[in-house]
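To start, the structure under review is shown below, and the notes come after it.
Sequence positions, counted from 1, serve as the residue numbers for this chain. Below, each value reflects all heavy atoms present in this structure, side chains not excepted, and no hydrogens, waters or symmetry copies.
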Amino acid sequence: MKIGFNEGCNRFCDNHSVLRDLELCQEYGFDYIDIQSECLDRDLENGKVKLEQLGEWFKENHLSMLSYNALKPFNMRQTEEEKQEVMAQLDEIIRRCLILDCKMIVVVPNENISVHATRKEIREDAVTVLNEMVKKVEPYGIKLSIEFCGSPGMTINRFDDAYAIVQEVDSPLVGVTLDQYHFHSMASDWSTLEKADGKKIFVWHVNDTEDIPCGAPYNTDEKRLWPGDSQGCLDHQRFADTLKKIGFEGDCCTVEVFRPEYYELTQEENVRTAAKATSSHVEQYWK
């Protein structure tokens, strides 16, 4: 099992830079990185780096980009103009992925929408949008991975709904990002995951979380912990065993946390700590 680093872990560390993350991730033993769009946009706007510079770095080193994280929000856009904005955003991300040799785009659902949509309406909209997206990514072999987000206001907030959408689209280029925190925080159904096709799990985010009631307004990303933290409550063995049983083929788990106190670390301390926690996690649960 290879390990990856998501820049959500350290995006607000002092003087953060994407290029430095690449160097640190390689130094501390990560195989992959999920580049966060906010981090990349910030560095490009500030002139810290150019896309071509990052592309050349990847060509010259063994660290690879697992996913572009993320296109958001991809669904439940209400006007034709908003829908076209999503497709224009996808076009730009595809352009970037081709430069960065990235073969996966994570797509994140809309939240706190003004219309009182049913789950059926949300699923139908997502299927329509993803079918259009597939037409754009198919020529390049780039995959789309839906990240359901375990928050009450999210339009797709449980694994069950995300997986149903993936089944309906029925494309080898569309799958699910399984984030352990998101799975737990809105009480996704274990039986659905246990019956799922593991090949449809494209990304596996490992983390832990404080034992907060599911759906509570204060159960937010800020409650995430490094995997293995003694305060954590997640059943890591069950996640690992289930993914093995259903045939997960990702061959990588990526650490993703958004804890404010971790942003107080230096960028290097953050990456080093993440690498140690993720490596220990794999050694313990993926044998």
Side-chain angles (χ1 to χ4, degrees), residues 6 8-9 11-12 34 36-38 69-79 82-83 86 106-130 144-169 175-194 196 201-225 227 229 231-236 238-239 242 254 256-263:
N6 187 293
C9 296
R11 59 183 175 169
F12 295 132
D34 294 321
Q36 284 262 337
S37 53
E38 297 94 329
N69 197 320
L71 188 162
K72 58 183 179 183
F74 84 93
N75 68 323
M76 294 305 293
R77 307 306 292 266
Q78 299 306 302
T79 68
E82 288 175 340
K83 294 174 183 179
V86 171
V106 173
V107 296
V108 173
N110 213 336
E111 63 180 324
N112 299 324
I113 58 176
S114 58
V115 296
H116 292 191
T118 64
R119 292 170 67 202
K120 181 175 183 291
E121 290 168 338
I122 291 168
R123 287 182 182 185
E124 290 174 347
D125 172 83
V127 169
T128 298
V129 175
L130 288 165
L144 301 167
S145 189
I146 306 171
E147 181 163 10
F148 66 98
C149 297
S151 171
M154 280 286 179
T155 52
I156 305 171
N157 57 18
R158 301 178 83 234
F159 176 81
D160 322 38
D161 290 311
Y163 188 69
I165 290 164
V166 167
Q167 286 182 302
E168 182 67 25
V169 175
V176 179
T177 294
L178 174 63
D179 183 296
Q180 295 186 169
Y181 166 80
H182 288 316
F183 190 93
H184 172 79
S185 61
M186 279 295 289
S188 285
D189 188 351
W190 275 101
S191 67
T192 304
L193 178 60
E194 289 163 351
I201 310 295
F202 285 176
V203 182
W204 176 22
H205 285 166
V206 296
N207 40 56
D208 215 319
T209 181
E210 296 177 47
D211 193 6
I212 305 294
C214 295
Y218 54 92
N219 188 353
T220 67
D221 280 324
E222 295 186 353
K223 303 300 183 184
R224 293 179 183 230
L225 298 161
D229 191 295
Q231 300 176 76
C233 67
L234 298 187
D235 190 343
H236 298 295
R238 189 173 184 182
F239 276 111
T242 299
T254 304
E256 184 183 56
V257 296
F258 299 95
R259 196 169 182 87
E261 64 196 70
Y262 297 168
Y263 297 139

Inset, instruction - Determine, using ring centers only, whether Phe183 and Trp190 are less than 6.0 Å apart. - result: yes

Legend entry - Exercise: identify the closest heavy-atom pair between Phe148 and Thr177: CE2-O, 3.4 Å

Inset, instruction - Side-chain contact test, heavy atoms from C-beta onward, threshold under 4.5 Å: evaluate it for Val169 versus Leu144 and give yes or no. - result: no

Inset, instruction - Check each of Asn75, Asn112, Asp161, Asn110 against Thr155 using the side-chain hydrogen bond (donor to acceptor under 3.5 Å, both in side chains) test, and report the only one that passes. - result: Asn75

Legend entry - Exercise: identify the closest heavy-atom pair between Met186 and Gly215: SD-CA, 3.9 Å

Inset, instruction - Test Val176 against every option in Val203, Val166, Ile165 by the side-chain contact (heavy atoms from CB on, under 4.5 Å) rule and name the one that passes. - result: Val166

Inset, instruction - Enter the distance from Lys223:NZ to Asp211:CG here, rounded to the nearest 0.5 Å. - result: 12.0 Å

Inset, instruction - Using a cut-off of 6.0 Å, state whether more than 12 heavy atoms not belonging to Glu111 lie near its atom CD. - result: yes

Legend entry - Heavy-atom side-chain proximity of Asn69 to His205 below 4.5 angstrom: yes

Legend entry - Arg238 (side chain) donor-acceptor with Leu234 (main chain) under 3.5 angstrom: no

Inset, instruction - Evaluate the side-chain proximity of Val107 to Val129: yes if any heavy-atom separation is below 4.5 Å, no if none is. - result: no

Inset, instruction - Determine yes or no for a side-chain-to-main-chain donor-acceptor pair under 3.5 angstrom, with Ser151 supplying the side chain and Met154 the backbone. - result: no

Legend entry - Residues that Asp125 engages under salt bridge (charged side-chain N to carboxylate O under 4.0 Å, His left out), provided they are two or more places apart: none

Legend entry - Residues forming a side chain to side chain contact (heavy atoms under 4.5 Å, CB included) with Glu38, sequence neighbours excluded: Arg11, Gln36, Lys72

Legend entry - Distance in Å, Tyr163 OH paired with Leu193 CG, rounded so as to fall on 0.5 Å steps: 9.5 Å

Inset, instruction - Considering non-hydrogen atoms only, spot the tightest contact between Gly175 and Phe202 and give its length. - result: N-CE1, 3.1 Å

Legend entry - Short N-O contact, Arg224 and Asp179, less than 4.0 angstrom: yes

Inset, instruction - Calculate, to the nearest 0.5 Å, the distance between atoms NE2 and CG belonging to His236 and Asp208 respectively. - result: 3.5 Å

Inset, instruction - Give a yes or no answer on whether the side chain of Thr242 reaches the backbone of Glu194 with a donor-acceptor pair at less than 3.5 Å. - result: no

Inset, instruction - Could you tell me which non-hydrogen atom of Asn157 sits nearest to which non-hydrogen atom of Pro152, and how far apart they are? - result: ND2-O, 3.6 Å

Inset, instruction - Taking the six-membered ring for Trp and the full ring for Phe, Tyr or His, determine whether the centres of Phe258 and Tyr181 are under 6.0 Å apart. - result: no

Inset, instruction - Flag the pair Cys9 / Val257 as yes when at least one side-chain heavy-atom distance between them is below 4.5 Å, and no otherwise. - result: yes

Legend entry - Tyr218 side chain near Pro213 side chain, heavy-atom distance below 4.5 Å: yes

Inset, instruction - Output the distance between atom OG (Ser185) and atom CG (Asp221), rounded to the nearest 0.5 Å. - result: 8.0 Å

Legend entry - Test: Asp189 and Arg158 ion pair at under 4.0 Å: no

Inset, instruction - Provide the closest heavy-atom pair for Ala117 versus Met76 in the form atom of the first, atom of the second, distance. - result: CB-CE, 3.7 Å

Inset, instruction - Would you mind reporting whether Thr209 and His184 have side-chain heavy atoms less than 4.5 Å apart? - result: yes

Inset, instruction - Find out whether Pro109 and Cys149 are in side-chain contact, i.e. whether some heavy atom of one side chain is under 4.5 Å from a heavy atom of the other. - result: yes

Legend entry - Thr254 side chain vs Asn6 backbone, donor-acceptor pair below 3.5 Å: no

Legend entry - Donor-acceptor contact below 3.5 Å, side chain Gln180 vs main chain Asn207: yes

Inset, instruction - Answer yes or no: is there a side-chain heavy-atom contact under 4.5 Å between Phe159 and Thr192? - result: yes

Legend entry - Nearest-0.5 Å distance, SG of residue Cys233 to CG of residue Leu225: 8.5 Å

